[in-house]
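All values below were derived from every heavy atom in this structure, side-chain atoms included, with hydrogens, water molecules and symmetry-related copies excluded. In what follows, chains are A, B, ... by sequence order, proteins preceding strands, each numbered from 1.
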Amino acid sequence: MKAGLPKGTRDFLPAELVKRKWMFGIIEEVFRTYGYVPIETPVLENLSTLTGKYGEEGDRLLFKVLNNGDYLTKADEEAFQSKDSRKFTASVSKRGMRYDLTVPFARYVVMHRNDISLPFKRYQIQPVWRADRPQKGRYQEFYQCDVDVVGSTSLSYEAELVQIYDEVFKQLGIPVEIRINHRKLLSGIAQIAGIGEQWIDMTVAIDKLDKIGEEGVRKELTERGISEEAQKRIFEFLAGGDISSMRAMAKGNEEAMTGLEAIDKVFSYLESLPLHNTLKFDVTLARGLGYYTGCIFEVAALDAEMGSLGGGGRYDDLTGAFGWSDVPGVGISFGAERIYDVLEAKELFPANLQKGPKVLFAAFDDDAHAFAFACVSALRKAGIAADLYPEPGKLKKQFKYADDIGCAYIAIIGEEEIKSRTLTLKDLASGSQDTISIQEAIDRLS
RNA sequence: GUGGAUGUAGCUCAGCUGGUUAGAGCGCUAGAUUGUGGUUCUAGAGGUCGUCGGUUCGACCCCGAUCUUCCACCCCA
């Protein structure tokens, strides 16, 4: 058989994984510093946990797992005959793979309500799966890094999450723009335009403003059945630009005012604490997932052609679907794959990331190999990543191997070294070498 | 889910209107060089031309299906 992978998935070579781990390490350390604790959840969830949480589009992209055993005996024959895929699937599959980290977290909070104290601040770095059509930077298996806090409505958490975005991207060296908006402001604008019922249609359309322009948005609004009159009011509002002028226009609409006040409050928390990146109020920002009800965030790289590097927002009631109502929360997510691609494209990974052992031992003959084995053990005991070429012989071959696996040093053992209980340590980058004792080598390499 | 491209050596790619032994560069292996790699030189290995089927005397080339990757939508990280 031919070796191959399912579409949209990939293997990682050591050189890539070293870089990924560096990136995840920075993200995790910032999460930890802000007081978040790690959790993990299983790959598989009950399909009932997942379906209906991401809209119709999301349900379509959900990976389902076939039931075990004689699943056909319990299959819905009628649904099969009438080619009703949804109904049939439900009869042969009761589990699916997680689509994001937020819904499993909601399930987790409800199930462990007696073991956690609110507000509960958690982070989670795990892969998720979507049966999307792959493209560059879009995979069917990819990692998300989520931080959420549940059990508090304090807007200081929104401000804190902005700081987390800011700190992570500062440490990674990617200049970004953090955009903020509020769902209530959007629904308020729709009310002001007299199309309160269609606020989601409006939101989806104006989200594309920077991409398709005003004409394109108007066209889409018309297609979604929104009148010219309403469109006029919407664009009047969008033209407002900053918070204070919008406040004047929103007067009398409680919904829009709530949104504007919240955004203003987040800005005020950060007033005296300068960010490294820019935080921008963007009234056209929408965000897809249906469960956001308050502030929403999105992060975009300033000088890279890349979709959003992360997003998030506040939800009034994340856990209601699992039977525990009115638990508010707010959280953000980092899109690891896209961030990695930006780091790669801009060559922002540190050059000195060690992928192989620090030193490789090379021996000339069997006696030297035996002595080298003892030397390697001594170095390893001292905590130095060291390795021994498996057989003695030509130095050329052993040098090449050291280069290939990314060693910084090679230690050569021959007759003379055995006699004097030393090793010849060569710095592969500079080419300089010294014959020194094992203890000296340990001191130099640690 | 819709529309469009793509696939030839480990990698990047040539390959004539269909014609018999499918090429290059890099990489790989060995030697030049029996205590010193990344340079140079020489030789060598490596391909069921994505897969399956069809048309043809003959297919890498034409046709169909399928898979992969990529692009634009949709949606999203």
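- Rounded to whole Å, the C1' atom of B:rG18 lies 12 Å from the corresponding atom of B:rC57.
- When distances run from any side-chain atom of A:Glu417 to the nucleotides B:rA77, B:rG35, B:rC75, the shortest one goes to B:rG35.
- Cation-pi contact between A:Lys121 and A:Tyr123: absent, since separation from the ring centre below 6.0 Å together with deviation from the ring axis within 45° is not met.
- The base of B:rG37 sits within donor-acceptor range of the side chain of A:Asp403, with an N or O pair under 3.5 Å.
- At B:rA30, one or more side-chain N or O atoms of A:Lys397 fall inside 4.0 Å of OP1 or OP2 (strictly under the cut-off).
- Using atom C1' as the reference point in both B:rC62 and B:rG58, the two lie 13 Å apart (nearest Å).
- Nucleotides B:rU69 and B:rA24, compared at atom C1', are 24 Å apart to the nearest Å.
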Base-contact (B) and sugar-phosphate-only (S) positions in nucleotides 42-51 of chain B, heavy-atom cut-off under 4.0 Å, - elsewhere
--------S-
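- Within the 4.0 Å cut-off from OP1 or OP2 of B:rU33, not a single side-chain nitrogen or oxygen of A:Lys394 is found.
- When side chains are defined from C-beta on, A:Arg224 counts as touching A:Glu220, because their heavy atoms get closer than 4.5 Å.
- Tested against A:Arg20, the residues A:Glu337, A:Glu344, A:Glu28 include a single salt bridge (Lys or Arg N to Asp or Glu O under 4.0 Å) partner, A:Glu337.
- Centre separation under 5.5 Å together with a plane angle under 30° does not hold for the ring of A:Phe399 and the six-membered base ring of B:rG38, so they are not marked as stacked.
- Taking a pair as Watson-Crick or G-U with both hydrogen-bonding distances under 3.5 Å, the stems of three or more pairs touching RNA chain B are B:1-5 with B:69-73, B:10-13 with B:23-26, B:28-32 with B:40-44, B:50-54 with B:62-66.
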Heavy-atom contacts, protein to nucleotides 65-74 of chain B, under 4.0 Å, summarised as B (base), S (sugar-phosphate only) or - (none) per nt, yield ---SSSSBSB
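- A gap of 47 Å separates the P atoms of B:rC49 and B:rG35, to the nearest Å.
- A distance of about 13 Å separates the C1' atoms of B:rU55 and B:rC61, rounded to the whole Å.
- With a 6.0 Å cutoff to the six-membered ring centre and a 45° limit on the axis angle, A:Arg107 does not count as a cation-pi contact of A:Phe322.
- Rounded to a whole angstrom, the distance from the P atom of B:rG3 to that of B:rA65 is 12 Å.
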